[in-house]
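For reference, the structure is listed below as structure tokens.
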2 protein chains.
Amino acid sequence: MDIEKSLAALNNPVRRQILEWLKDRSNFPPALPGHEDLEGVCVGYIQEKAKLSQSTISNYMGLLKQAGFVRSERHGQWTFYRRDEENINAFLAAIQNELTKP
Amino acid sequence: MDIEKSLAALNNPVRRQILEWLKDRSNFPPALPGHEDLEGVCVGYIQEKAKLSQSTISNYMGLLKQAGFVRSERHGQWTFYRRDEENINAFLAAIQNELTKP
DNA sequence: TCCATAAATCGAGATATCTCGATATGCAGG
DNA sequence: CCTGCATATCGAGATATCTCGATTTATGGA
């Protein structure tokens, strides 16, 4: 729970938007054939929606992952990203604790 | 409640530290004579503790104020800053709402 | 009115972030 | 193996943030 990294990762509107999109799998095209069971979304789908370059999105997902907001799972040539609700909640608890008076 | 400005303001360890210090007036030297009733802390006291230049701290306090985390009150030649608990809580509610799944 | 003090603003150099296109890596199918 | 696709990494230019010292503005007191 690195609050520094977490805040840096959140300090960008597109990265926050991606986290919101990932709340609901149906914000993206249907899962690839043979991966219907997977919760995650591949980089290409995220890129398509965000309309930024592939390298930028890959970088963004790396930052979100380092901050703990997402987990990744590689399946074949694809990397599937999904939210890490536990870490997200841990961050919220930490920032709340840091900001509020006892 | 500009979440963009708020996250930018929080994206700096010294600014977060200042917000923490301001939780408790006793983190600073006693109030100036004639201002004992005031909740706030003057810029000079904050600068002393943060060990950064006067202009940097003035800038920081401006950012924290723009983000809504502090209010300022001018009394004579001093500007007294104190936390705005209401806005801080509003930010926490907003970020929680943005980050958590429904 | 003049001076001293507190704070805000200005201008600038150093550093970090953003974002891209190009390249490298890893994997699947023929 | 060789080719093609998905993703990651690299290098770089543009832009933003950090932080300072110098200057300006506001105020209070002699």
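A, B, ... follow the sequence lines: proteins, then strands. Residue 1 opens every chain.
- Under 3.5 Å, the side chain of B/Gln77 and the base of C/dT5 form at least one donor-acceptor pair of N or O atoms.
- On a pure distance criterion of 3.5 Å, a polar donor-acceptor pair joins the side chain of B/Gln54 and the base of C/dA8.
- The distance between atom CG of B/Asn59 and atom P of D/dT23, rounded to the nearest whole Å, is 19 Å.
- Among the heavy atoms of the strands, none lies under 4.0 Å from A/Ile57.
- In this structure, B/Arg74 atom CZ and D/dA26 atom P are separated by 9 Å, rounded to whole Å.
- Residue contacts shown for A/Asn11 are limited to sugar-phosphate atoms, with no base heavy atom under 4.0 Å away.
- Two residues, A/Leu63 and A/Gly76, neighbour DNA chain C, and the one matched to the more 5' nucleotide by heavy-atom proximity is A/Leu63.
- No chain of hydrophobic side-chain contacts below 4.5 Å, direct or via other Ile, Leu, Val, Met, Phe, Trp or Tyr residues, connects A/Leu63 to B/Ile95.
- Remark: P of D/dA8 and CE of A/Met61 are 9 Å apart, rounded to the nearest angstrom.
- The distance between atom CG of B/Leu7 and atom C1' of D/dA16, rounded to the nearest whole Å, is 16 Å.
- Closest to the A/Tyr60 side chain, of the nucleotides D/dT7, C/dC18, C/dA7, is C/dC18.
- Residue B/Ser58 is in base contact, counting any heavy-atom pair closer than 4.0 Å across all strands shown.
- Here C/dA6 presents its P atom at 7 Å from CH2 of B/Trp78, a figure rounded to the nearest Å.
- In this structure a side-chain-to-backbone donor-acceptor pair under 3.5 Å is missing from B/Ser58 to B/Gln54.
- In this structure, A/Tyr45 reaches neither bases nor backbone, as no heavy-atom distance under 4.0 Å exists between it and the strands shown.
- No donor-acceptor distance shorter than 3.5 angstrom exists from the side chain of B/Asp84 to the backbone of B/Val70, with no hydrogens or angles considered.
- Enclosure of atom CZ in B/Arg25 by more than 12 non-hydrogen atoms of other residues, nucleotides or ligands within 6.0 angstrom is indicated.
- When the side-chain nitrogen and oxygen atoms of B/Thr79 are compared with OP1 and OP2 of C/dA8, one or more of them lie within a distance under 4.0 Å.
- Spacing between atom OH of B/Tyr81 and atom C1' of C/dA7 amounts to 8 Å, rounded to whole angstrom units.
- In this entry the distance linking CZ of A/Arg15 with C1' of C/dT19 reads 11 Å, nearest Å.
- A/Ser53 contributes no side-chain N or O that forms a donor-acceptor pair with the base of C/dG21 under 3.5 Å.
- Here the P atom of nucleotide C/dA8 and the CD atom of B/Glu73 are 13 Å apart, to the nearest Å.
- Put simply, A/Thr56 has no side-chain N or O that comes within less than 4.0 Å of OP1 or OP2 on C/dT19.
- Salt-bridge check for B/Arg16 with A/Glu4: passed, with a basic side-chain N closer than 4.0 Å to an acidic carboxylate O.
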